**Student:** 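Below you will find the structure I want to go over with you.
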2 protein chains.
Amino acid sequence: MDRRQRKTREAIFNAFSEMLSNKSYSRITVQEIIDKADVGRTTFYSHFPTKDDLLREMCSELFEHVFSDAPEAEQTHDFSMTSGSSKEIVTHILYHLKEHGRRMSILLTCESGELFQRYFKQYFNNLVMIHILNPGKHKTTVVPEDFLIAHISASFVNIVQWWLENNMEQSPELLAEYFEAVTGPIV
Amino acid sequence: MDRRQRKTREAIFNAFSEMLSNKSYSRITVQEIIDKADVGRTTFYSHFPTKDDLLREMCSELFEHVFSDAPEAEQTHDFSMTSGSSKEIVTHILYHLKEHGRRMSILLTCESGELFQRYFKQYFNNLVMIHILNPGKHKTTVVPEDFLIAHISASFVNIVQWWLENNMEQSPELLAEYFEAVTGPIV
DNA sequence: TTCTTAATCAAACACTTTGTTCTGTAAATA
DNA sequence: TATTTACAGAACAAAGTGTTTGATTAAGAA
């Protein structure tokens, strides 16, 4: 990728995420973004066809960092999941979230963050299926499995939102305990 | 309220909610709304200063119907909440939701429905505090109470969304059981 | 270094959307 | 009936969108 492209891309990302903390997504105009990022109008549209694409790509890039080196099931010693190891994974992700705290915070709490939340749940769904839910274990449960997955993902997004609203005062370990406290009895 | 006002208001509500099933909120223009509702431009703006106000007022009106005659704590015989009575309340609300299914479905699943979801949780938070959470009972729990309330509300919204995505095939009673299954062990 | 490619910029463009303001008309209520 | 009050229609400025043009300028390869 061309150095100029990277530079432009980053400038737009920075300008955009900064603006999201002050203004709602829908009220931010392309004009304002290119003014703050100091790039030409043509340049912006050559990078991102629409404003939605800009948000989408910014989310993707962020998630790749957050979920990238989450411990894989193959790498753990025991194949049968214990609550301890799924807690580890949650803690791990929460640490990554804290690293990218500012931008995450902006995206998760900003008005019109529903697109972001959708992507977030989507990414987390895989982890829930692989790591947290023990496949085959819950066949006999009263609730359908797809509902259970959706419930746990939504609970995770919710806990992160609550965390961000409290300025991330609690430690990732404590958060993971909260998460286990409300989802543990189910899985 | 003037008969003409009511008529105009309803016409706009109907046009708007119909359009939300086809188009995303952000892409719907005032021009399209007034064309479909067949009202003048001036009229629209005299009713709703912005498009956001339109959505907000439509939500409020809907919620008042859904949450209106939910059984009050004062009307129940026992003041100490049992899981049975909270289940009753949930079932009751779900029945109301099913009545208004079409419009609820549109609002909860449409893109840019985050405002709606926020209002929904807001309304439900009160019920959680009064009916579902037994005040004083959870002081010793490991999780903070405000987190618990947020978690339960989010779980309820989530269950309703899942329900709508499945075309409301399940009965309200079964849904209430699911809800109890995932939140019951906590409260 | 030099050459070639590709990204950027500035300006202007047609177009859509927004929200306001005007005046005349029709319907509600007292 | 008389008097409010809501509505319609049209025109309006202001702002935003997405595209086109041609000229610069920087990057990467020879």
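All of these numbers come straight from a predicted model, not from anything done at the bench. Convention: sequence-line order gives letters A, B, ...; per-chain numbering from 1.
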**Student:** Output the rounded distance in Å from OH (B:Y45) to C1' (D:dA8).
**Tutor:** 16 Å

**Student:** Closest to the B:R4 side chain: D:dA8, C:dG19, C:dA27?
**Tutor:** C:dA27

**Student:** Is a donor-acceptor pair below 3.5 Å formed from side chain A:S46 to base C:dA7, judging by atom type as modelled?
**Tutor:** no

**Student:** Taking the nucleotide of DNA chain C with the closest heavy atom to each, which residue, A:T43 or B:P49, is nearer the 5' end?
**Tutor:** A:T43

**Student:** Distance-only, no hydrogens or angles: does the A:D38 side chain make a donor-acceptor pair with backbone N or O of A:D35 under 3.5 Å?
**Tutor:** no

**Student:** Under the 3.5 angstrom rule, does the side chain of A:E32 hit a backbone N or O of A:T29 as a donor-acceptor pair?
**Tutor:** yes

**Student:** Does A:K51 make a cation-pi contact with A:Y25, if we ask for NZ or CZ under 6.0 Å from the ring centre and within 45° of the axis?
**Tutor:** yes

**Student:** Quick one: A:F44 CZ to C:dA10 P, roughly how many Å, whole number?
**Tutor:** 16 Å

**Student:** By nearest heavy atom, map B:T50 and A:V39 onto DNA chain C; which one lands nearer the 5' end?
**Tutor:** A:V39

**Student:** Counting the atoms with a prime plus P, OP1 and OP2 as sugar-phosphate, which does A:T29 contact under 4.0 Å by heavy atoms, base, sugar-phosphate, or nothing?
**Tutor:** sugar-phosphate

**Student:** Report the distance from atom CZ of B:R27 to atom P of D:dG16, rounded to the nearest whole Å.
**Tutor:** 18 Å

**Student:** At less than 4.0 Å, is any side-chain N or O atom of A:H47 found next to OP1 or OP2 of C:dA7? Yes or no.
**Tutor:** no

**Student:** Starting at the 5' end of DNA chain D, which residue's closest nucleotide do you reach first, B:K7 or B:R41?
**Tutor:** B:K7

**Student:** What do the steps show when you test B:R27 against A:D52 for salt bridge (Lys or Arg N to Asp or Glu O under 4.0 Å), and what is the final call?
**Tutor:** CA-CA 12 Å; B:R27 265 177 255 288; A:D52 284 0; 3.3 Å; yes

**Student:** Using atom CD of B:Q31 as one end and atom P of D:dC12 as the other, report the distance to the nearest whole Å.
**Tutor:** 17 Å

**Student:** What is the distance from NZ of A:K51 to C1' of D:dG16, rounded to the nearest Å?
**Tutor:** 10 Å

**Student:** Do we see a donor-acceptor contact under 3.5 Å between the side chains of A:S155 and A:N158?
**Tutor:** no

**Student:** For D:dC7 and B:T8 - does any side-chain N or O of the residue sit under 4.0 Å from the phosphate oxygens OP1/OP2?
**Tutor:** yes

**Student:** Please give, in whole Å, the distance from C:dT8 P to A:R3 CZ?
**Tutor:** 13 Å

**Student:** Just the rounded figure in Å: distance from P of C:dT8 to CD1 of A:I34.
**Tutor:** 13 Å

**Student:** Between P on D:dA6 and CD on B:E10, what's the gap in Å once rounded to a whole number?
**Tutor:** 18 Å

**Student:** Does A:Q5 place a side-chain N or O at less than 4.0 Å from the phosphate oxygens OP1/OP2 of C:dA7?
**Tutor:** yes

